[in-house]
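Note that this is a predicted model, so its numbers are computed, not measured.
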Amino acid sequence: MVAKLIPVIFLIVGLGAGIGAGLAFAPAKKPETAVAEEKAVKEDKAAGKKTGKSKEKGEAKSFEYLKMTKQFVVPVVKDDQIEAMVTLSLSLEANPAITETYYAIEPKLRDGFLQVLFDHANTGGFDGAFTESGNLDVLRKSLLEVARKEFGDDVSKVLILSVNRQDS
């Protein structure tokens with residue numbers, strides 16, 4: 001009976017750790033003056049100040065890195081049992097003009113990303129040498145397709161900031 005509960009316990013612990021990390025690394029609440037200054041900085045960025053440059057087709061484009069607020073926790077299932085838990089941290093390289101829209105629809109984007117991550121896990125993408133560049137490139141392309149469904153060409157890349165697999 002206890003052996004059957006171990007995968008469930010790992011799942012709960014993994015989800016709890018992901019939520020705890022998200023809460024621990026969430027930005028602190030700021031006083032009203034800091035919020036007003038931050039809003040002015042965002043308006044300046046939207047008005048044309050660049051946060052970075054990306055060379056595409058000979059033109060310089062400005063971009064900003066939009067970090068997903070929480071890690072993704074993906075179970076790796078084999079023979080109807082959880083074999084491992086994979087956690088990922090993702091960011092988007094995007095046009096600064098979409099920042100507010102991004103945070104408004106982040107839950108919808110997370111849902112799409114989770115579906116891609118679950119499909120990747122179910123097809124063996126997190127098995128063996130899962131950190132090989134070929135495996136991660138396939139994952140990045142699939143995640144970029146989801147992001148571009150929501151934002152079009154305003155998103156140029158999906159960045160995998162960290163990936164960790166914890167076997168049961």
Side-chain angles (χ1 to χ4, degrees), residues 6-30 38 41-42 45 50-56 61-78 81-96 98-151 153-168:
I6 290 175
V8 175
I9 292 170
F10 278 118
L11 178 62
I12 292 170
V13 169
L15 289 173
I19 291 170
L23 292 175
F25 294 112
K29 293 186 179 182
K30 300 174 185 169
E38 185 175 292
V41 168
K42 284 183 182 179
K45 284 181 186 177
K50 296 181 180 178
T51 57
K53 290 186 179 180
S54 175
K55 299 270 182 176
E56 267 183 42
K61 290 187 170 186
S62 71
F63 60 86
E64 183 172 83
Y65 294 102
L66 304 172
K67 184 173 166 91
M68 301 296 288
T69 56
K70 298 176 191 168
Q71 286 185 327
F72 291 87
V73 179
V74 182
V76 178
V77 179
K78 293 282 186 196
Q81 293 197 9
I82 296 173
E83 181 179 272
M85 297 294 286
V86 176
T87 57
L88 295 104
S89 295
L90 304 175
S91 285
L92 301 179
E93 182 180 277
N95 181 339
I98 69 165
T99 302
E100 287 184 33
T101 306
Y102 164 77
Y103 287 111
I105 67 166
E106 184 184 6
K108 183 177 179 182
L109 188 62
R110 285 186 65 81
D111 177 65
F113 280 3
L114 271 174
Q115 187 60 57
V116 167
L117 292 168
F118 291 154
D119 291 344
H120 190 73
N122 290 333
T123 58
F126 292 119
D127 294 338
F130 68 95
T131 57
E132 285 182 355
S133 63
N135 287 340
L136 292 179
D137 286 342
V138 169
L139 181 58
R140 280 186 192 97
K141 287 177 186 175
S142 298
L143 293 169
L144 183 58
E145 286 177 20
V146 171
R148 285 196 168 160
K149 282 181 186 174
E150 297 299 325
F151 298 110
D153 289 336
D154 284 330
V155 175
S156 58
K157 291 182 184 176
V158 174
L159 307 171
I160 300 173
L161 302 179
S162 69
V163 59
N164 182 35
R165 178 185 162 126
Q166 179 67 46
D167 292 324
S168 313

**Q** Evaluate the side-chain contact (heavy atoms from CB on, under 4.5 Å) criterion for residues L161 and M68: first the C-alpha distance (whole Å), next the side-chain angles of each, then the deciding distance (0.1 Å), finally the verdict.
**A** CA-CA 10 Å; L161 302 179; M68 301 296 288; over 6 Å; no

**Q** Can you tell me how far the CD atom of E93 sits from the CG atom of L159, to the nearest 0.5 Å?
**A** 6.0 Å

**Q** Between N164 (side chain only) and V86 (backbone N and O only), is there a donor and an acceptor less than 3.5 Å apart?
**A** no

**Q** Would you please name every residue forming a salt bridge (Lys or Arg N to Asp or Glu O under 4.0 Å) with D119, sequence neighbours left out?
**A** none

**Q** Decide, yes or no, whether a salt bridge links D154 with R148 under the criterion of side-chain N to carboxylate O below 4.0 Å.
**A** no

**Q** Between N122 (side chain) and F118 (backbone), is there a donor-acceptor pair under 3.5 Å?
**A** yes

**Q** Could you check whether any side-chain heavy atom of M85 comes within less than 4.5 Å of a side-chain heavy atom of V73, counting everything from C-beta outward?
**A** yes

**Q** Would you say that E64 contacts T99 through its side chain, given a criterion of any heavy-atom pair below 4.5 Å between the two side chains?
**A** yes

**Q** State, to 0.1 Å, how close S168 and I82 come at their nearest heavy-atom pair, and which atoms those are.
**A** OG-O, 3.1 Å

**Q** Is the NZ or CZ atom of R110 positioned over F72's six-membered ring, under 6.0 angstrom from the centre and within 45° of the axis?
**A** yes

**Q** Could you walk me through whether V155 and Y102 pass side-chain contact (heavy atoms from CB on, under 4.5 Å), step by step?
**A** CA-CA 10 Å; V155 175; Y102 164 77; over 6 Å; no

**Q** Got a second to check how far N95's CG is from D153's CG, nearest 0.5 Å?
**A** 10.5 Å

**Q** Could you state the interatomic distance from OG1 (T87) to CD (Q71), rounded to the nearest 0.5 Å?
**A** 5.0 Å

**Q** Is K67 salt-bridged to E106, going by a charged N under 4.0 Å from an acidic O?
**A** no

**Q** Rounded to the nearest 0.5 Å, what's the gap from CZ on R165 to CZ on F126? Could you check?
**A** 9.5 Å

**Q** Using the test side chain to side chain donor-acceptor pair (under 3.5 Å), find all partners of S162 that sit at least two apart in sequence or belong to another chain.
**A** S89

**Q** With rounding to the nearest 0.5 angstrom, report the CG to CG distance, L117 to L88.
**A** 5.5 Å

**Q** Can you tell me how far apart CD (Q115) and CG (L143) are? Round to the nearest 0.5 Å.
**A** 11.5 Å

**Q** Charged N to carboxylate O below 4.0 Å: is that the case for R140 and D137?
**A** yes

**Q** A94 and L66: which non-hydrogen atoms are nearest, and at how many Å?
**A** CB-CD1, 3.9 Å

**Q** If you look at every heavy atom in L144 and S156, which pair is closest and at what distance?
**A** CD2-O, 3.9 Å

**Q** Of the non-hydrogen atoms in A147 and L92, which two are nearest, and what is the gap between them?
**A** CB-CD2, 4.4 Å

